[in-house]
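These notes concern the structure reproduced below.
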Amino acid sequence: MSELRPETRAVHLPRPPLNGSVPITTPIYQTSGFVFDDPAVFADGMGRPDGAFVYGRLTNPTVRTLEEAVSGLEGGVGALATSSGMAAINTVLLALVGQGDHVIAQRALYGGTATMLTELRERFGVSVTYVPEDDPEAVRAAVRPETRLLYLETIANPMTQVADLPAMCAAATEAGVTTVVDNTFASPVLCRPIEHGADIVIHSTTKYLSGHTDVVGGVAVFASEETYRKVWRFSVDLGPTPDPFAAWLTLRGIQTLHLRMERHCDNARLLATRLAAHPAVAAVHWPGLASHPSHETATRLLPAFGGVFAFDLTGGRAAGERFMSALKLALLAPSLGGVETLILHPATTSHRALSAGELARHGIGEGTVRVAAGIEHPEDLWADFEQALRTS
Ligand SMILES: Cc1ncc(COP(=O)(O)O)c(C=O)c1O
């Protein structure tokens, strides 16, 4: 070929050879596709998750590193990273549940998941039976020939009920039903649901896995190769892929997950136990307290009780609003699992789609405040809570 003109040279930039050097951290592969010498390798990569990297919607080396990292932490055979936690949940639901199928789900569910199950029912005729998170007999009684999934959360949002995973997964497995567990609140540091019989584990990586309130993402981890390949094939055309930069931020967060989880759990313990003894507080909902209905299950299954809790003030909703406005260090903001302590009012934010009856069924009061403990010094946090309690 003749000497290339500047316009062409500007388009076809050089690709530096690495000459055998391996970067310490996985780079951000900010490319939508890959170049091939061999058309057969290109074609093969389109059809399976473990072929050559082809196109960003299928996967990408940075995204794949995240998938392998989380799969390794959870003890899976493969994982699918997505652009949000809800994208992971919906990809799994849409890949595995069809018209006329039946899903069994625990009663206390994240608001977005509950809304999507209602959508599936109303638009695609998928029936849903809700059961308590610790009642395997209710699962056995609910199973029908068309039951496809049992859907659980290790620690539920926001009242922190803990699912009896071994008993619930066993009841589903006996009936040939796939169990999906949202493990966002526990993280693989506190629980690895596949070890208790789960088939699929989901995370909103927006929370503890990324840990710095700077990225939205999700992941589904699979215990079986067959299910992994089935959901991967479906996802290729659904398109829930994350951006490589989001995957990279999440990978960076994962490196400190164990250290952060320890502090989140310790800070939650200090705040929850001191609040439980405070005269302005009517109830504290944290599975580490003997008063919590899941305390026995949590003690059996978890090495620590998580960084999130909820509480009610004796002064009800008005007192809760005064308390939230008076906090100076803890931030009134959505989400959880980041380094900053965040608080919110579930009835009007995360669980706003629930009716008054459904809120009551979840145990969420009109004045319930949810706290996601960060990693600040615990005494600074308590000083902030104490001054805010004086206003309520
Ligand atoms: C338990 C749980 N699962 C899933 C989600 C949804 O995740 P995302 O906001 O990343 O879509 C959330 C969000 O708060 C959550 O708390």
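Both ligands and their constituent atoms are indexed starting at 1 by order of listing.
Scanning the protein for heavy atoms near atom 11 (O) of ligand 1, the closest one is Met86 N, 2.8 Å. Ranking protein heavy atoms by distance to atom 8 (P) of ligand 1, first place goes to Gly85 N, 3.4 Å. Closest to atom 6 (C) of ligand 1 among all protein heavy atoms lies Tyr110 CE2, 3.6 Å.
In the vicinity of Gly217, heavy-atom distances shorter than 4.0 Å reach the ligand 1 atoms 10 (O). Taking every heavy atom of Lys207 and a limit of under 4.0 angstrom, the matching atoms of ligand 1 come to 7 (O), 9 (O), 12 (C), 13 (C), 14 (O). Under a 4.0 Å criterion applied to the non-hydrogen atoms of Ser84, ligand 1 contributes the atoms 10 (O), 11 (O).
For atom 10 (O) of ligand 1, the nearest non-hydrogen atom from the set Thr206, Thr82, Ile89, Leu109 comes from Thr206. Of the listed options Asp182, Thr154, Asn157, Asp182 places a heavy atom closest to atom 2 (C) of ligand 1.
The closest approach between His203 and ligand 1 stays at or above 4.0 Å for every heavy atom of the residue.
Glu376 and Asn267 form no side-chain donor-acceptor contact under 3.5 Å, judged by distance and modelled atom types alone. If you check the side chains of Thr297 and Ser294, you find no donor sitting under 3.5 Å from an acceptor. Side-chain atoms of Asp199 and Thr178 form no donor-acceptor pair, as typed in the model, at a separation below 3.5 Å.
For Phe42, the CZ atom sits in a loose shell: 12 or fewer heavy atoms of surrounding residues, nucleotides or ligands are nearer than 6.0 Å. The number of heavy-atom neighbours closer than 6.0 Å to CZ of Phe245, taken from other residues, nucleotides and ligands shown, is 12 or below. Around atom CZ of Arg148, more than 12 heavy atoms belonging to other residues, nucleotides or ligands sit under 6.0 Å away.
Between Phe309 and His285, the ring centre distance reaches or exceeds 6.0 Å.
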